[in-house]
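Here the structure is laid out as structure tokens; the discussion comes afterwards.
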Amino acid sequence: MVALTGTLVDITTRPDALREVVRDALAEHGGTWELRVQINTDLEAMPIEDASVVWDEAISPFTTIAKLEVPAQASWEQGSSERTDDALVYSVWNGITAHQPLGGINRVRKETYELSSEFRGRFNGCPVHQPAKLSDLA
């Protein structure tokens, strides 16, 4: 959120301070997020299996491939949002095959995400699931 750029948030006395600041900004202004990627244009200069190599932005600048715009709205409400949060799985692997992450680091992350969501479901007593449509979240 550009509106919050440079904002320092004191979190020493409020454990949910960041959530509260973002919630208040979304309620007042809404928000816009851009999804940006670097296209691999040279497998030697931009290896997929070596996460230590920084991909040169001069060779492949970040390109916006999607934009998410939301109107001003309540984004999180104490006591009601937790039910939805606890029931959903958040993973970079939730998408079509062509958009799934590449590389060894991401293959390791996949299992970590799966184990984490399984544990969270057992610990919270709330089985996790993926909604088929937006109305499934209500």
Side-chain angles (χ1 to χ4, degrees):
M1 242 189 187
V2 177
L4 298 177
T5 300
T7 302
L8 295 178
V9 178
D10 181 6
I11 61 171
T12 56
T13 60
R14 295 172 28 222
D16 291 325
L18 292 176
R19 174 184 286 157
E20 293 164 1
V21 168
V22 171
R23 178 197 62 211
D24 294 347
L26 281 173
E28 186 174 341
H29 306 289
T32 301
W33 291 264
E34 290 184 352
L35 175 61
R36 298 178 183 182
V37 299
Q38 279 184 286
I39 306 298
N40 189 313
T41 57
D42 181 344
L43 283 172
E44 293 205 19
M46 305 167 79
I48 292 170
E49 294 297 336
D50 186 350
S52 69
V53 176
V54 177
W55 291 10
D56 186 347
E57 290 185 50
I59 296 172
S60 179
F62 281 91
T63 303
T64 299
I65 59 167
K67 187 181 283 190
L68 173 64
E69 296 182 22
V70 297
Q73 61 184 282
S75 62
W76 191 87
E77 293 295 327
Q78 181 75 35
S80 61
S81 295
E82 293 92 339
R83 187 182 77 237
T84 299
D85 292 348
D86 285 346
L88 295 177
V89 174
Y90 301 93
S91 172
V92 296
W93 290 89
N94 293 346
I96 63 173
T97 302
H99 297 164
Q100 289 180 348
L102 301 174
I105 297 296
N106 282 309
R107 286 191 296 276
V108 170
R109 288 175 68 197
K110 182 178 186 198
E111 184 177 5
T112 302
Y113 274 79
E114 290 169 354
L115 292 171
S116 174
S117 66
E118 289 171 13
F119 170 79
R120 188 168 42 93
R122 284 191 315 273
F123 182 82
N124 292 338
C126 179
V128 294
H129 67 282
Q130 290 300 2
K133 54 191 177 301
L134 187 58
S135 61
D136 291 345
L137 296 175

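All of these numbers come straight from a predicted model, not from anything done at the bench. Worth knowing before you read on, the calculation uses all heavy atoms, side chains too, and leaves out hydrogens, waters and symmetry mates.
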Review point. So with a 6.0 Å cut-off around CD1 of I96, is the heavy-atom count from everything else above 12?
Key: yes

Return all side-chain donor-acceptor pairs below 3.5 angstrom for residues 64-71, not counting sequence neighbours, or 'none' if the list is empty.
unit_1, atom_1, unit_2, atom_2, d
T64, OG1, E34, OE1, 3.1

Review point. Is there a path from M46 to V37 through hydrophobic residues (I, L, V, M, F, W, Y) whose side chains come within less than 4.5 Å of each other?
Key: no

Practice item. Quick one: list whatever passes salt bridge (charged side-chain N to carboxylate O under 4.0 Å, His left out) with R109, sequence neighbours left out. Key: none

Point to revise | Within one Ile-Leu-Val-Met-Phe-Trp-Tyr cluster: L4 and L18, side-chain cutoff 4.5 Å | key: yes

Point to revise | side chain to side chain contact (heavy atoms under 4.5 Å, CB included) partner of W93, the single match among E114, E111, K110 | key: K110

Point to revise | For E49 against G104, the heavy-atom pair lying closest together | key: OE1-N, 3.0 Å

Check your understanding: Taking atom CD1 of I48 and atom CG of L102, what is their separation to the nearest 0.5 Å?
Key -> 5.0 Å

Check your understanding: Mind checking whether L115 and T112 have side chains closer than 4.5 Å, heavy atoms only?
Key -> no

Point to revise | Where V53 and A45 come nearest, the two heavy atoms and their spacing | key: CG1-O, 3.7 Å

Review point. Would one find more than 12 heavy atoms of other residues, nucleotides or ligands at under 6.0 Å from atom CZ of R14?
Key: yes

Review point. Do any N or O atoms from the side chain of N124 and from the backbone of C126 form a donor-acceptor pair under 3.5 angstrom?
Key: no

Exercise for review: Might you confirm whether atom CD1 of I105 has over 12 heavy atoms from other residues, nucleotides or ligands at distances under 6.0 Å?
Suggested key: no

Exercise for review: For R122, enumerate each residue passing the salt bridge (charged side-chain N to carboxylate O under 4.0 Å, His left out) test, keeping only those at least two apart in sequence or located in another chain.
Suggested key: none

Review point. Among all residues two or more places apart in sequence or in another chain, which pass the side chain to side chain contact (heavy atoms under 4.5 Å, CB included) test with S75?
Key: R23, L26

**Study point:** Pairwise distance CH2(W55) to CD(Q38) - rounded to 0.5 angstrom
**Key:** 6.5 Å

Point to revise | Transitive ILVMFWY side-chain link V22 to V9, under 4.5 Å | key: yes

Check your understanding: Looking at residues at least two apart in the chain, or sitting in another chain, which of them share a side chain to side chain donor-acceptor pair (under 3.5 Å) with T12?
Key -> D10

**Study point:** Contacts of type salt bridge (charged side-chain N to carboxylate O under 4.0 Å, His left out), residue D16, not counting sequence neighbours
**Key:** R19

**Study point:** W33 with V21, same ILVMFWY side-chain cluster at under 4.5 Å
**Key:** yes

